[in-house]
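Just so it is clear, the model here is predicted, and its values are computed rather than measured. Throughout, protein chains are lettered first and strands after them, A, B, ... in sequence-line order, and every chain is numbered starting at 1. For the numbers below, each heavy atom of this structure counts, side chains included, while hydrogens, waters and symmetry mates do not.
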Amino acid sequence: MNGGQDLGGMHGFGPVVSEPGKPDYDVENYHAHWEPRVMGMVVAMGACGQWNIDISRHARESISPAEYVTFPYYKIWTEGLEKLMLERSMVTAEELTTGEMRTPPITVKGRLKKADVWTALHSLGGAANRPETRKQKFKVGDLVHTINTHPTTHTRLPRYARGRTGEITKILGFHVFPDSAGNGKGDDPQWLYQVRFTAQELWGEDKNPRDTVTLDLWEPHFNSA
Amino acid sequence: MNGGQDLGGMHGFGPVVSEPGKPDYDVENYHAHWEPRVMGMVVAMGACGQWNIDISRHARESISPAEYVTFPYYKIWTEGLEKLMLERSMVTAEELTTGEMRTPPITVKGRLKKADVWTALHSLGGAANRPETRKQKFKVGDLVHTINTHPTTHTRLPRYARGRTGEITKILGFHVFPDSAGNGKGDDPQWLYQVRFTAQELWGEDKNPRDTVTLDLWEPHFNSA
Amino acid sequence: MSGDHDHDGAHDHSHLSDMDARIRALESLLVEKGYIESEAVDEIVELYETKIGPRNGAHVVVKAWTEPEFEKWLRDDATAAIHSLGYTSRQGEHMVAVFNSDDTHHMVVCTLCSCYPWSVLGLPPTWYKSPPYRSRSVIDPRGVLEEFGTVVPESTAVEVHDSTAETRYLVVPQRPAGTEDWTAEQLQKLVTRNSMIGTSFALSPEQAT
Amino acid sequence: MSGDHDHDGAHDHSHLSDMDARIRALESLLVEKGYIESEAVDEIVELYETKIGPRNGAHVVVKAWTEPEFEKWLRDDATAAIHSLGYTSRQGEHMVAVFNSDDTHHMVVCTLCSCYPWSVLGLPPTWYKSPPYRSRSVIDPRGVLEEFGTVVPESTAVEVHDSTAETRYLVVPQRPAGTEDWTAEQLQKLVTRNSMIGTSFALSPEQAT
């Protein structure tokens with residue numbers, strides 16, 4: 001979707017760095033007490049097995065663009081988590097407001113225990129590659145032209161790279177396709193490639209002719225150029 | 001610039017109409033007492049002759065996207081007006097904060113008086129056409145391909161219509177070029193055309209094949225397709 | 001989440017009262033500096049409340065419905081035809097009239113700001129300037145139209161005009177059936193502002209009564 | 001305008017205290033429902049504060065700097081090379097290592113969300129997830145780099161990697177001159193988090209002392 005999350009190429013948000021040149025800018029990852037709790041809860045809730053990573057990304061990007069570009073990032077995560085739980089009747093809106101349980105929990109696949117955290121985090125269970133059921137259509141060096149599509153649903157092809165010509169620079173594997181999995185339509189694995197675009201192709205002739213941007217894109221995102 | 005103002009094609013802002021089907025939805029133009037004052041002041045300040053309409057548009061679109069998509073529209077106008085006056089030393093930041101004059105006014109071209117309002121509004125002084133100093137390059141029916149450019153400065157070619165093929169459907173005249181005038185670089189008049197794009201060209205194959213969007217674009221915005 | 005929305009609502013209210021004070025201070029400063037006269041601002045506001053509004057556009061539309069020569073003029077040179085009626089005020093210097101038919105339904109937007117034909121429609125409604133309308137009208141015009149209760153058949157093309165230049169678009173809606181013997185005055189009541197933006201049809205005789 | 005900004009600042013503060021209460025309520029609800037254990041959340045937070053952070057990545061980088069065979073493995077199969085060191089935690093399942101040189105400077109972004117190689121760098125810094133970085137890094141990478149004090153010559157290509165899939169990018173910065181006889185432990189102090197995102201170079205010996 002062309003939501004508030006699709007930020008690549010926008011102007012006007014101001015500087016990245018408020019303290020220019022500081023060697024390792026912004027060492028802290030959190031800026032309020034509630035932020036690490038959100039991070040930990042979102043990770044822990046994964047063990048319930050009620051959604052995949054693409055569905056959780058889509059939940060976050062579905063908030064209004066006005067909220068997306070003004071909320072602290074872990075507040076976006078909070079909104080996404082609550083939306084996912086509400087959709088699945090894991091909680092009710094009233095429970096979220098009061099913080100008190102009024103309805104029984106739904107049955108979930110599991111609950112993460114403290115002793116299992118290290119193992120769970122290191123399990124590689126989140127790997128996105130799948131058994132290869134067909135050959136890749138493209139090889140390194142092929143020129144491809146991305147499709148111009150504007151779905152209201154989840155996609156990992158950002159607006160700035162649609163309808164552009166690039167070169168395949170790596171074959172990355174046979175991976176879950178987020179444009180399907182993020183919309184609740186199953187893994188539908190596809191061949192995944194690194195595709196390199198020149199800055200001039202993406203942004204115009206005034207860019208440095210040496211500069212490039214790579215994106216990792218799946219076969220349905222492009223055709224032979 | 002690819003700022004908060006470049007809204008065409010974004011998703012996620014929600015419904016337009018909160019009372020579906022109401023015959024003439026939203027009859028009122030104002031929603032607070034201060035809004036008509038801003039409208040009137042912005043119109044009246046035009047008589048001072050310190051900027052053109054394109055410069056004032058650029059001042060408005062230069063606020064942060066986070067502000068642009070959350071502020072009431074006349075607040076965007078207020079921010080733009082204050083920015084223009086500050087840039088020209090017509091007011092100081094301190095004066096804006098206190099509302100009290102601390103520095104003398106600058107010399108301006110004129111001040112609009114009540115008795116002259118009707119005439120000034122009807123003067124056609126804002127006409128954007130200019131004496132034709134050359135022939136137009138394109139004719140109705142020509143296919144043209146818009147440039148893919150992403151200036152940080154003012155442009156009237158929105159992101160969604162860049163790098164797309166359309167058809168010239170009207171010749172509109174020899175008009176001030178906002179991509180110059182809005183950046184303080186003079187009128188630089190150019191031939192202006194209505195260009196029609198199919199919805200499928202702009203947005204993809206799933207759109208109604210009959211639907212179209214027209215934009216009014218100047219010769220520097222496109223080349224022969 | 002609802003608690004949070006309440007909070008944002010409260011924030012909006014404080015914004016508005018802040019804005020009242022801020023704009024009062026701004027006006028008094030600009031008057032003191034001699035850049036503006038408050039009476040002129042009053043007059044501008046007054047004119048757009050009483051004289052420059054969608055009745056101008058309805059006059060143009062009904063004249064086109066009832067006088068074939070004017071209709072032709074409006075198609076060929078909308079600027080001259082509209083100016084001939086005295087509607088020469090700002091944001092109407094360069095006009096294009098687009099005529100709805102069974103083949104094509106026109107609607108108007110300004111995705112980049114709020115360009116709107118002030119001379120014939122007055123000031124734009126808030127929704128016209130809002131992110132939902134500006135973002136969606138070009139990519140999902142039929143979805144927007146449905147929210148206005150305006151269902152355009154799949155077989156009728158929707159043509160959206162994005163007002164990117166100083167050209168201002170006036171939509172001439174289709175004349176409703178059953179109005180053959182109506183007077184100009186009666187017909188004008190059918191021509192709503194939204195029908196001249198293209199988000200609605202002209203009212204039917206039943207809707208108008 | 002400054003008055004208005006103050007107001008927005010105050011709004012941010014109330015947001016934060018609202019959020020503290022909201023998140024406490026959320027956690028107690030999820031615990032009561034049996035979906036999570038607070039002790040597990042504590043443990044996750046603790047691990048990302050103490051065990052899973054940029055020292056992992058620095059270990060990988062220095063090993064590549066000092067062991068040609070490991071460098072080759074990292075170029076050919078970064079996933080296997082990094083997993084061999086035990087860095088198999090989430091958001092590191094599929095790794096690509098990109099090597100800075102005089103010809104090409106690499107930097108990493110996720111324009112669509114906040115994809116980041118947690119297994120080797122820990123959690124992303126706030127700026128990495130912010131609209132300024134996500135919007136500008138792909139269209140104006142050299143401007144962003146200059147804000148970090150990182151000037152890449154015009155003759156060196158800047159290659160930006162937008163992390164649109166589950167592939168996670170680790171930048172291997174150039175080994176600073178004058179470190180030929182340094183130990184691995186000494187070298188690791190030169191490898192900052194930002195140098196592995198590509199927004200900075202590795203520290204020079206002078207900067208590290």
Novice: For Asp103(C), is it the side chain, the backbone, both, or neither that has a heavy atom closer than 4.5 Å to a heavy atom of chain B?
Specialist: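 Answer is neither: Asp103(C) stays 4.5 Å or more from chain B.
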Novice: Can you tell which part of Glu95(B) gets under 4.5 Å to a heavy atom of chain C, answering side chain, backbone, both or neither?
Specialist: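 Answer is both: backbone and side chain atoms of Glu95(B) are under 4.5 Å from chain C.
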Novice: Examine whether an atom of Pro36(B) lies under 4.5 Å from a heavy atom of chain C, and if so say whether it belongs to the side chain, the backbone or both; otherwise answer neither.
Specialist: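 Its backbone and side chain both get close to chain C.
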Novice: Test your reading of the model: is there a side-chain donor-acceptor pair from Tyr35(C) to the backbone of Ala44(B), 3.5 Å cut-off?
Specialist: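 Side chain of Tyr35(C) to backbone of Ala44(B): no pair is present.
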Novice: Please check: side-chain N/O of Trp203(B) versus main-chain N/O of Val138(C), any donor-acceptor pairing under 3.5 Å?
Specialist: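 Checking the backbone N and O of Val138(C) against the side chain of Trp203(B), a donor-acceptor pair under 3.5 Å is found.
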Novice: So what's closer than 4.5 Å to chain C heavy atoms on Asn208(B): side chain, backbone, both or neither?
Specialist: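 Side chain only.
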Novice: Which region of Gln50(B), side chain (C-beta onward) or backbone (N, CA, C, O), has a non-hydrogen atom less than 4.5 Å from a non-hydrogen atom of chain C, or is it both or neither?
Specialist: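 For Gln50(B), there is no contact with chain C at all, as no heavy atom is under 4.5 Å.
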Novice: Sort Leu192(B) into side chain, backbone, both or neither according to what part of it lies under 4.5 angstrom from a heavy atom of chain C.
Specialist: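 Contact with chain C involves the side chain of Leu192(B) alone.
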Novice: Let's test your reading of the structure: which of Pro141(C), Ser137(C), Cys113(C) forms the most heavy-atom pairs below 4.5 Å with chain B?
Specialist: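 Heavy-atom pair counts peak at Cys113(C).
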Novice: Is it true that Tyr160(B) and Asp162(C) share a donor-acceptor pair across their side chains at a distance under 3.5 Å?
Specialist: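 Present: a donor and an acceptor within the cut-off.
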Novice: Which region of Val91(B), side chain (C-beta onward) or backbone (N, CA, C, O), has a non-hydrogen atom less than 4.5 Å from a non-hydrogen atom of chain C, or is it both or neither?
Specialist: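 For Val91(B), backbone and side chain are both near chain C.
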Novice: Do you know which of Arg134(C), Glu146(C), Glu39(C), Glu166(C) has the most heavy-atom pairs with chain B at a distance under 4.5 angstrom?
Specialist: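 Between Arg134(C), Glu146(C), Glu39(C), Glu166(C), the count favours Arg134(C).
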Novice: What part of Arg37(B) gets within 4.5 angstrom of chain C, counting heavy atoms only: side chain, backbone, both, or neither?
Specialist: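 For Arg37(B), the contact with chain C is made by backbone and side chain together.
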Novice: Is there a donor-acceptor contact under 3.5 Å from the side chain of Lys207(B) to the main chain of Ile139(C)?
Specialist: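 Checking the backbone N and O of Ile139(C) against the side chain of Lys207(B), a donor-acceptor pair under 3.5 Å is found.
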Novice: With only heavy atoms counted, which part of Leu112(B) is less than 4.5 Å from chain C, the side chain, the backbone, both or neither?
Specialist: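 It is both, since atoms from each part get that close.
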Novice: State plainly whether the residues Arg193(C) and Glu28(B) are in salt-bridge range, i.e. N to O under 4.0 Å.
Specialist: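 Looking at Glu28(B) together with Arg193(C), the answer is no, because their closest N to O distance does not fall below 4.0 Å.
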Novice: With a 4.5 angstrom heavy-atom cut-off, which part of Trp118(B) approaches chain C: side chain, backbone, both or neither?
Specialist: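 Contact with chain C: backbone and side chain both.
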Novice: Is it the side chain or the backbone of Ile76(B) that comes within 4.5 Å of chain C heavy atoms, both, or neither?
Specialist: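 Neither part, no heavy atoms under 4.5 Å.
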Novice: Top residue by heavy-atom pair count (under 4.5 Å) with chain B, among Leu203(C), Thr199(C), Ile52(C), Thr167(C)?
Specialist: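 Between Leu203(C), Thr199(C), Ile52(C), Thr167(C), the count favours Thr167(C).
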Novice: Under 4.5 Å heavy-atom distance to chain C, tell me which part of Pro104(B) shows up: side chain, backbone, both or neither.
Specialist: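 The backbone, not the side chain.
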Novice: Does any backbone or side-chain atom of Thr169(B) lie under 4.5 Å from a heavy atom of chain C? Answer side chain, backbone, both or neither.
Specialist: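 Neither part, no heavy atoms under 4.5 Å.
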Novice: Can you say whether Asp116(B) sits under 4.5 Å from chain C via the side chain, the backbone, both, or neither, judging by heavy atoms?
Specialist: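 When you check distances to chain C, no heavy atom of Asp116(B) falls under 4.5 Å.
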